[in-house]
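These notes concern the structure reproduced below.
Residue numbering restarts at 1 for every chain, and letters A, B, ... go by the order of the sequence lines. Values below: every heavy atom of this structure, side chains too, minus hydrogens, waters and symmetry copies.
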Number of protein chains: 4
Amino acid sequence: MARPLSDDKRTAILEAAAEVVAALGVSAPTAKIAKAAGVAEGTVFTYFATKDELLNQLYLAIKTELSDAVMAGYPAGGGVDRRCRHIWDRYIGWGSRHPLKRKAARQLAVSDRITGRSREVVAEAFRGFNALMRECVEGRALEGLTPEFASSLLGAVAETTIEFIAREPKRAGPYSEAGFQAFWKGVTG
Amino acid sequence: MARPLSDDKRTAILEAAAEVVAALGVSAPTAKIAKAAGVAEGTVFTYFATKDELLNQLYLAIKTELSDAVMAGYPAGGGVDRRCRHIWDRYIGWGSRHPLKRKAARQLAVSDRITGRSREVVAEAFRGFNALMRECVEGRALEGLTPEFASSLLGAVAETTIEFIAREPKRAGPYSEAGFQAFWKGVTG
Amino acid sequence: MARPLSDDKRTAILEAAAEVVAALGVSAPTAKIAKAAGVAEGTVFTYFATKDELLNQLYLAIKTELSDAVMAGYPAGGGVDRRCRHIWDRYIGWGSRHPLKRKAARQLAVSDRITGRSREVVAEAFRGFNALMRECVEGRALEGLTPEFASSLLGAVAETTIEFIAREPKRAGPYSEAGFQAFWKGVTG
Amino acid sequence: MARPLSDDKRTAILEAAAEVVAALGVSAPTAKIAKAAGVAEGTVFTYFATKDELLNQLYLAIKTELSDAVMAGYPAGGGVDRRCRHIWDRYIGWGSRHPLKRKAARQLAVSDRITGRSREVVAEAFRGFNALMRECVEGRALEGLTPEFASSLLGAVAETTIEFIAREPKRAGPYSEAGFQAFWKGVTG
DNA sequence: GATGAATGAGAATTCATTCAT
DNA sequence: GATGAATGAATTCTCATTCAT
């Protein structure tokens with residue numbers, strides 16, 4: 001092979017895309033992404049056939065990174081509360097450390113350019129949560145409180161928490177604690 | 001002025017914009033909005049100076065409509081739980097009845113085309129909640145659980161609930177109940 | 001209607017397209033066509049939805065113009081020879097007077113951007129020839145010499161003739177005569 | 001030079017170019033030609049400095065092949081009619097057997113990328129015809145019927161004939177006969 | 001020599017906005 | 001005021017050509 005596709009370059013394009021999409025939304029010009037990545041405009045298309053593919057790959061990359069971050073060091077043998085807390089802390093931590101990626105993911109999630117397939121793949125990556133959520137909601141006699149619903153609630157409450165932390169970083173601890181309690185009491189009763 | 005600006009036409013444009021933005025995002029062409037509204041392309045610009053103004057006015061209109069819907073019949077003299085429940089039911093009800101407006105509002109909210117000023121105006125419209133939320137969180141000894149935070153949690157949990165209802169309309173009752181319990185227990189302990 | 005689509009402008013774009021396509025082939029940039037027509041780049045697309053549509057309309061326009069030119073003053077009551085000669089003279093005349101249109105039509109004809117439908121429409125416009133050609137070939141005992149074949153031969157010989165005239169305009173008369181004789185003797189024996 | 005340019009590879013590229021140009025016209029991407037030839041994109045440019053050179057070489061190669069095919073077994077000592085017939089049969093035969101090369105040559109001929117020099121070289125290759133054509137037109141008292149004109153007529157009538165054969169291969173015999181008679185009677189009177 | 005990634009100048013098309021009617 | 005044609009900057013994507021490997 002003459003010059004193999006460079007993983008570094010691919011990553012640089014995705015990182016640049018995250019920044020630019022965070023700032024300008026999914027309508028961010030590919031030219032700006034290329035510039036931010038330090039490559040030629042055309043190079044974007046040797047790594048991603050179309051802009052839509054780039055956006056979908058970006059979505060997957062961010063969500064996968066989040067999933068990995070959240071699951072690292074997961075205390076599989078611990079109690080439900082400990083395991084939920086682990087997830088929570090990691091989620092809040094990753095989100096606080098990567099505000100642009102979080103913003104980009106949000107822009108992507110609401111856009112219609114992310115395919116059903118991509119959303120499925122991401123859902124699959126978070127499938128592991130459902131078992132944990134099942135344990136959480138087990139005692140509650142609430143028909144609507146399915147594990148999937150609980151899982152989405154965790155995400156929604158966490159996102160809200162991260163946003164407040166972003167606005168007032170000094171109160172990160174209290175907000176994180178309040179968010180977790182809101183989720184925990186809300187779901188486990 | 002022989003022919004004054006018509007409120008009907010303005011409303012038609014906003015309604016059309018909600019639909020088209022829900023479907024295509026904020027990059028929806030003004031020409032498509034005009035067509036959906038049954039007016040000429042140029043007419044959009046006699047009612048809204050620029051597309052950005054149209055988007056901001058749309059955002060305000062939707063949020064104001066939601067706010068009005070939520071506050072209608074507010075039982076000012078009732079207990080905290082009853083008042084919260086009122087808000088909750090109205091919120092879920094309005095959201096379920098207006099999926100396109102909700103989707104449009106979401107697209108608008110994440111876009112960078114809604115000005116800080118617009119966001120402030122909306123926040124102001126929901127300011128009334130904070131008093132109620134203060135009552136909710138009063139007993140809890142949680143520094144981070146401010147009324148503003150509780151208010152955002154209500155919104156986040158409600159949006160999640162509406163989404164699940166949209167996917168499974170038959171289970172609207174159980175989801176609404178589960179969502180409310182999650183919020184209530186989460187915030188009041 | 002605010003400002004109706006202008007037939008003049010449409011014609012100007014088609015005329016410009018003929019010139020530019022003659023010079024650069026079907027890959028002629030629409031921007032150049034617009035410039036040659038004295039309109040903005042975008043205007044081309046208010047008259048023709050896509051470049052392909054422009055090319056097809058151009059093909060139809062040129063062929064229709066040729067067909068009209070050839071049939072003007074057709075001596076319906078004259079003998080076969082007189083009618084063939086009429087067609088021939090008009091064909092050579094129009095072709096010699098419109099070298100760019102002829103060149104453009106040739107570029108278009110060999111390109112794959114002219115649809116089958118367009119080709120059919122053109123064939124239909126020249127359908128009238130077949131009756132005349134039938135009279136021409138009637139006496140000959142040559143299975144392969146169908147009216148359609150004779151019609152194509154007329155076109156091929158005429159095009160060749162026009163090309164020689166284009167190179168040596170001073171010998172237009174002799175070339176035209178030689179071409180006609182070649183066709184006439186060749187087809188009627 | 002350790003590894004000399006390979007004639008096989010050069011030929012493969014030209015053959016591939018014929019196919020791809022036949023299908024896509026002169027705007028066929030060099031990358032597609034490379035792929036069809038089974039070589040790398042860059043390799044095309046070690047055999048042909050530019051795309052224009054490739055196209056010109058392709059044009060020359062096809063026309064030379066045709067010329068060789070037509071002249072093979074030429075009955076130099078036979079009568080004019082026998083020699084013309086030989087040319088005719090070979091021309092029709094080669095054209096029928098190589099529809100893609102014929103189509104490619106047509107695309108190339110109308111494009112502006114074939115240089116005057118290339119056209120001259122091809123004309124030179126067919127110069128031999130002129131002597132034969134001179135014999136054909138000798139008796140006719142037609143100023144315009146020069147040998148060069150007769151030569152072009154032969155080409156035009158043959159191309160038309162081949163096209164009809166391509167559409168109805170079963171009637172190859174009658175069409176070839178009719179085509180030849182049209183040329184022969186047309187030119188020799 | 002062969003390879004194919006990298007480049008950046010176009011190319012077709014879209015679209016907010018203007019303005020003649 | 002209403003209309004929609006006209007505008008041209010901006011956008012995604014293509015492709016001949018170069019050059020590191």
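Between C/Ala40 and B/Ala40, it is B/Ala40 whose nearest contact on DNA chain F lies nearer the 5' terminus. Where B/Val39 and C/Val39 meet DNA chain F, the nucleotide closest to each residue was compared, and B/Val39 sits on the side nearer the 5' end. With DNA chain E read from its 5' end, the first of the two nearest nucleotides for C/Val26 and A/Gly38 is the one closest to A/Gly38.
The side-chain hydrogen bond (donor to acceptor under 3.5 Å, both in side chains) contacts involving residues 101-111 of chain A comprise A/Glu15-A/Lys101, A/Glu65-A/Lys101, A/Arg102-A/Glu159, where partners must be two or more places apart or lie in separate chains. Applying the side-chain hydrogen bond (donor to acceptor under 3.5 Å, both in side chains) rule to pairs touching residues 19-31 of chain C yields nothing, sequence neighbours excluded. Listed by first then second residue, pairs satisfying salt bridge (Lys or Arg N to Asp or Glu O under 4.0 Å) with a partner in residues 23-38 of chain C number zero, not counting sequence neighbours.
Taking atom CZ of C/Phe48 as the reference point, atom P of F/dA6 lies 12 Å away to the nearest angstrom. Between the C1' atom of F/dA5 and the CG atom of C/Asp8 lies a distance of 14 Å, rounded to the nearest Å. In this structure, CD1 of D/Ile33 is placed 11 Å from P of F/dC15, rounded to the nearest angstrom. When rounded to the nearest whole Å, the span between CG of D/Leu54 and P of F/dC15 equals 15 Å. If you measure from atom CD of A/Glu53 to atom P of F/dC13, you get 11 Å, rounded to the nearest angstrom. Rounded to whole Å, atom C1' of F/dT3 lies 13 Å from atom CG of C/Leu5. In this structure, CZ of D/Arg10 is placed 14 Å from P of E/dG1, rounded to the nearest angstrom. Whole-Å rounding puts the A/Lys35 NZ to E/dT7 P distance at 14 Å.
Distance from the side chain of B/Tyr47 is smallest to F/dA2 among F/dA2, F/dT7, E/dA2. Side-chain atoms of B/Thr46 lie closest to F/dT3 of the nucleotides E/dG8, E/dA6, F/dT3.
Paired runs in DNA chain F that reach 3 or more consecutive Watson-Crick or G-U pairs, where each pair keeps both distances under 3.5 Å, cover E:2-21 with F:2-21.
Close to F/dA2, at under 4.0 Å from its OP1 or OP2, lies a side-chain N or O of B/Lys9.
A donor-acceptor pair is defined here as one N or O able to donate and one able to accept, closer than 3.5 Å; no such pair exists between the side chain of C/Tyr47 and the backbone of C/Leu54. Between the side chain of C/Asn56 and the backbone N or O of C/Arg113, at least one donor-acceptor pair lies under 3.5 Å. Side-chain atoms of C/Arg119 come within 3.5 Å of backbone atoms of C/Ala109 as a donor-acceptor pair (strictly under, hydrogens ignored).
Across all their heavy atoms, A/Ala105 and A/Ile62 have their closest contact at CB-CG2, 3.9 Å.
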Show me the protein contacts with nucleotides 13-15 of chain E, counting only N or O atoms at under 3.5 Å.
from, atom 1, to, atom 2, distance (Å)
E/dT13, OP2, C/Lys51, N, 2.7

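Under the salt bridge (charged side-chain N to carboxylate O under 4.0 Å, His left out) criterion, A/Asp68 pairs with no residue, sequence neighbours left out.
Counted by atom type alone, A/Thr115 and A/Ser118 present one or more donor-acceptor pairs between their side chains at under 3.5 Å.
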